[in-house]
Amino acid sequence: MKKLVVLIFIIFLVGCSNIKIEQNEEINKEKEDYLAIKNELNSVKEYVNDDDLPCDVTISIDRINKEEISYRAIIDNPKIDMYNVKALLIHDYFTEDIFPSIGIFDKTENLLVGNEEVKGISLVGYIETTKAIDELNLNIKLYIEYTDGEGNVKEIYYKLNNDKENTI
């Protein structure tokens, strides 16, 4: 009887240790993907124009209080069906926070023409600063990856034009 209890205990320990290894490998993969996308977005030289986007992208910067600014990207109104959407929104101002994303650390979303369930994707981040928004001179960049209706994976690199009206 003691041998059976010891055997079950050993099997339980071995089984639990395998689960931790699998979870750590998945988390490491997500971190690697996040850093690779972030680095690529920082190094890319050519960005998509507004007219060439497969959806609407609205980026805004707002002061929340004396010490904090929010920056937001809304991805909505797809012109084509966009499956398995991943997105990452970054800026060049110093922060220790993780940048807002979807589909990297969590599940992807689908943006479908005429879909009433998922109307859009919102990525929101915060910057701690007392500086005025126009003094920050933020360079905000957005990465969007999706699969089209034919199964082709598309990548978009978009940069906020500081002259845009939607910058506050």
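This structure is a prediction, so every number in the text was calculated from the model and none was measured. Sequential numbering from 1 along the given sequence is applied to the chain's residues.
Both I98 and I37 belong to a common hydrophobic cluster when Ile, Leu, Val, Met, Phe, Trp and Tyr are linked at side-chain heavy-atom distances under 4.5 angstrom. Put simply, I156 and V44 are part of the same group of oily side chains (I, L, V, M, F, W, Y) that touch within less than 4.5 Å, one to the next. Residues V124 and Y34 are members of separate hydrophobic clusters, defined by side-chain heavy-atom contacts under 4.5 angstrom among Ile, Leu, Val, Met, Phe, Trp and Tyr. Following chains of ILVMFWY side-chain contacts shorter than 4.5 Å, one can reach I102 starting from L35, so the two form part of one hydrophobic cluster. Linking ILVMFWY residues whenever their side-chain heavy atoms come closer than 4.5 Å, directly or via other members, leaves M82 and V153 in distinct clusters.
Side-chain contact check for T147 versus T108: every heavy-atom pair is 4.5 Å or farther apart. For the pair Y126 and D97, the minimum side-chain heavy-atom distance is 4.5 Å or more. Side-chain contact between D81 and D148 is absent, with no heavy atoms from C-beta onward closer than 4.5 Å.
Considering S60, C55, S122 as possible partners of I74, the one that fulfils the side-chain contact (heavy atoms from CB on, under 4.5 Å) test is S122. Considering L136, I133, I127 in turn, I133 is the only one that fulfils the side-chain contact (heavy atoms from CB on, under 4.5 Å) rule with I61.
Rounded to the nearest 0.5 Å, atoms NZ (K159) and CD1 (I59) are 11.5 Å apart. Distance check, rounded to the nearest 0.5 Å: CD of E68 to OG1 of T130 gives 12.5 Å. Rounded to the nearest 0.5 angstrom, D33 CG and K31 NZ are separated by 12.5 Å. We find the CZ-CD1 distance between R72 and I140 to be 12.0 Å, quoted to the nearest 0.5 Å. Atom NZ of residue K154 and atom CD1 of residue I144 lie 14.0 Å apart, to the nearest 0.5 angstrom. Rounded to the nearest 0.5 angstrom, L142 CG and L41 CG are separated by 7.5 Å.
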Side chain to side chain contact (heavy atoms under 4.5 Å, CB included), that's the test. Do K119 and D76 meet it? Break it down for me. CA-CA 6 Å; K119 296 187 182 200; D76 62 359; 6.0 Å; no

Step by step, would you call K107 with E109 a salt bridge (Lys or Arg N to Asp or Glu O under 4.0 Å)? CA-CA 7 Å; K107 68 181 186 90; E109 291 286 347; 3.8 Å; yes

Would D50 and Y158 satisfy side-chain hydrogen bond (donor to acceptor under 3.5 Å, both in side chains), going step by step from the backbone distance to the final call? CA-CA 8 Å; D50 289 342; Y158 180 79; 2.5 Å; yes

Derivation of the ring-ring contact (aromatic ring centres under 6.0 Å, His included) call for Y83 and Y146: CA-CA 6 Å; Y83 301 96; Y146 68 94; 9.1 Å; no

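For S70 against I64, the heavy-atom pair with the smallest separation is CB-CD1, 3.5 Å. Between E128 and Y93, the shortest heavy-atom distance links the atoms O-CE2, 4.3 Å. Of all the heavy atoms in V113 and I80, the pair that sits closest is CG2-C, 3.6 Å. The two atoms that bring A87 and I75 nearest to each other are CB-CD1, 3.9 Å, heavy atoms only. What you find for L53 and K79 is that their closest heavy atoms are O-NZ, 3.0 Å. When all heavy atoms are compared, the tightest approach of I69 to R63 is CD1-NH2, 3.5 Å.
Side-chain atoms of N110 come within 3.5 Å of backbone atoms of N84 as a donor-acceptor pair (strictly under, hydrogens ignored). Remark: the backbone N or O of D56 is not paired with any side-chain donor or acceptor of N77 at under 3.5 angstrom. N49 places no side-chain N or O within donor-acceptor distance of the main-chain N or O of D52, the cut-off being under 3.5 Å.
Taking the side chain to side chain contact (heavy atoms under 4.5 Å, CB included) definition, one finds that N115 meets it with L112, E117, V118, sequence neighbours left out.
Note on ring orientation: taking the six-membered ring where Trp is involved, the planes of Y143 and Y157 are tilted (angle from 30° to 60°).
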